[in-house]
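This report refers to the structure that appears directly beneath it.
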Amino acid sequence: MPSADRRLQPRRTPRQVRAELTRERILAAAAHVFAEHGYAAGTTNRIAERARISIGSLYQYFPNKDAILAQLLMRHLDRGTWTQADQLDLSPGTLEATVRALVRDAIDNHGDDPQLLRIMIEEAPMSRELLETIDRHGRERGAQVRDLLARHPDVHVRDIDTAAELIMVTVELNTHKLMADPRTIPVETFEQELVDMVTRYLRGDR
């Protein structure tokens with residue numbers, strides 16, 4: 001494993017409930033500290049103090065704050081699985097509702113504190129494991145979107161694969177941008193405009 005990747009690996013994999021609870025306390029404390037103080041000032045000492053453990057105990061689990069942030073981002077990605085996709089009504093006339101479910105799911109999955117979300121997007125160091133997690137998440141999400149487009153009778157696009165990729169990137173990137181700085185556009189306005197845009201494209205409106 002490259003040395004840069006080793007710096008981002010947790011030092012201890014919890015095998016007991018108590019150890020897992022301590023790890024979760026560290027991650028929860030780090031999320032609060034990064035959101036409150038920013039990444040540069042979000043030191044491991046502050047994280048340990050917030051988690052009410054010694055700095056030595058923190059270092060038993062994570063070698064540095066980069067590794068903690070990487071774990072926060074991986075957890076954020078893993079929570080982003082679209083679990084309701086296979087329960088949608090795909091009958092004629094439901095395309096707008098289907099698109100809204102996709103957009104709403106993306107918004108809900110990015111409901112973290114805006115400051116923390118910005119830090120995860122802008123500051124998280126990339127390890128091989130993190131890149132693999134991002135790639136896996138993208139492939140899973142892309143397969144879900146493609147399957148919905150292929151089965152929905154109201155979809156009229158030239159190429160399903162290309163359409164699925166365009167929609168996924170459009171929804172994800174714009175949701176990231178908005179939720180990291182929600183003062184720019186009201187979330188309700190963003191949702192409606194994005195739903196309208198994607199629905200018209202998929203219907204083949206001219």
Side-chain angles (χ1 to χ4, degrees), residues 8 24-42 46-47 50 65-88 95-127 129-146 148-149 163-202:
L8 303 178
E24 289 302 309
R25 281 171 58 193
I26 293 170
L27 291 172
H32 285 291
V33 168
F34 292 152
E36 182 178 351
H37 298 282
Y39 192 59
R46 277 183 163 149
I47 295 170
R50 179 72 184 236
K65 69 178 184 179
D66 285 349
I68 297 174
L69 183 61
Q71 286 297 304
L72 284 173
L73 180 53
M74 287 182 63
R75 187 168 66 172
H76 167 77
L77 290 168
D78 285 335
R79 284 204 315 260
T81 302
W82 192 10
T83 57
Q84 305 299 319
D86 59 351
Q87 300 175 22
L88 294 175
L95 182 58
E96 182 176 345
T98 300
V99 173
R100 188 176 301 280
L102 170 65
V103 172
R104 171 51 56 184
D105 183 73
I107 291 172
D108 289 345
N109 286 336
H110 294 88
D112 297 299
D113 182 281
Q115 173 69 3
L116 177 62
L117 184 59
R118 279 197 300 273
I119 288 170
M120 288 195 295
I121 294 171
E122 297 172 2
E123 304 280 359
M126 292 293 110
S127 66
E129 183 181 12
L130 186 52
L131 290 172
E132 288 173 352
T133 300
I134 293 171
D135 180 66
R136 173 173 53 81
H137 170 74
R139 283 186 282 106
E140 291 173 355
R141 190 82 164 185
Q144 287 179 316
V145 173
R146 188 200 181 285
L148 288 176
L149 299 188
E165 183 70 19
L166 286 173
I167 290 170
M168 187 177 67
V169 171
T170 298
V171 171
E172 291 286 324
L173 289 183
N174 281 285
T175 302
H176 269 127
K177 180 179 179 182
L178 174 85
M179 299 304 287
D181 189 9
R183 296 168 299 174
T184 54
I185 306 172
V187 174
E188 296 79 9
T189 302
F190 167 80
E191 177 183 337
Q192 188 59 57
E193 291 297 318
L194 188 55
V195 168
D196 288 347
M197 180 181 73
V198 173
T199 302
R200 285 195 296 267
Y201 162 64
L202 290 176

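These numbers come from a predicted model, not from an experiment.
- The side chain to side chain donor-acceptor pair (under 3.5 Å) search around His37 returns none, not counting sequence neighbours.
- Here His32 pairs with nothing under the ring pair (Phe, Tyr, Trp, His ring centres under 6.0 Å) rule; sequence neighbours left out.
- Atom CD1 in Ile107 sits 4.5 Å away from atom CD in Glu191 (nearest 0.5 Å).
- Here the closest non-hydrogen pair linking Leu116 and Ala31 is CD2-CB, 3.7 Å.
- Looking at residues two or more places apart in sequence or on another chain, you find a side chain to side chain contact (heavy atoms under 4.5 Å, CB included) between Leu173 and Val169.
- Rounding to the nearest 0.5 angstrom, the gap separating the CG atom in Leu117 from the OG1 atom in Thr175 is 10.0 Å.
- Qualifying salt bridge (charged side-chain N to carboxylate O under 4.0 Å, His left out) partners for Glu24, counting only residues two or more places apart in sequence or in other chains: Arg75.
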- Output, in order, the C-alpha distance, side-chain angles, deciding distance and verdict of side-chain contact (heavy atoms from CB on, under 4.5 Å) for Val103 and Val198. CA-CA 10 Å; Val103 172; Val198 173; 5.5 Å; no
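- In this structure, Asn109 contributes its side chain and Asp105 its backbone to a donor-acceptor pair below 3.5 Å.
- Not a single side chain to side chain donor-acceptor pair (under 3.5 Å) links Glu123 to another residue, sequence neighbours left out.
- Residues satisfying the side chain to side chain contact (heavy atoms under 4.5 Å, CB included) criterion with Met168, sequence neighbours excluded, are Arg141, Glu165, Glu172.
- Expressed to the nearest 0.5 Å, how far CG of Leu73 lies from CD1 of Ile119 amounts to 12.0 Å.
- With sequence neighbours left out, the side chain to side chain donor-acceptor pair (under 3.5 Å) criterion links Glu96 to Arg100.
- Taking every heavy atom of both residues into account, Ile185 and Leu178 meet most closely at O-CD1, 3.3 Å.
- Residue Leu69 holds its CG atom at 10.0 Å from CD of Gln71, rounded to the nearest 0.5 Å.
- The ring pair (Phe, Tyr, Trp, His ring centres under 6.0 Å) check on Tyr39 picks up Phe34, with sequence neighbours excluded.
- Residue pairs that meet the salt bridge (Lys or Arg N to Asp or Glu O under 4.0 Å) test with at least one member in residues 30-41, sequence neighbours left out, are Glu36-Arg50.
- Rounded to the nearest 0.5 Å, atoms CZ (Arg104) and CG (Asp108) are 5.0 Å apart.
- Across all non-hydrogen atoms, the minimal contact from Gly142 to Ala164 is O-CB, 4.4 Å.
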- Task: Please assess Thr170 against Leu194 for the test side-chain contact (heavy atoms from CB on, under 4.5 Å), listing each intermediate value before the final yes or no.
- Result: CA-CA 9 Å; Thr170 298; Leu194 188 55; 4.1 Å; yes
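- Across all non-hydrogen atoms, the minimal contact from Ala101 to Leu88 is CB-CD2, 3.7 Å.
- Judged by distance alone, the side chain of Asp135 and the main-chain N or O of Leu131 form no donor-acceptor pair under 3.5 Å.
- Not a single side chain to side chain donor-acceptor pair (under 3.5 Å) links Asp86 to another residue, sequence neighbours left out.
- For Ala40, there are no side chain to side chain contact (heavy atoms under 4.5 Å, CB included) partners two or more places apart in sequence or in a different chain.
- Across Ile47 and Gly42, no two heavy atoms sit closer than the pair CD1-O, 4.1 Å.
- A search for side chain to side chain contact (heavy atoms under 4.5 Å, CB included) contacts involving Leu166 returns Thr162, Tyr201, not counting sequence neighbours.
- Taken from CD1 in Ile167 to CE in Met197, the straight-line distance is 9.0 Å, to the nearest 0.5 Å.
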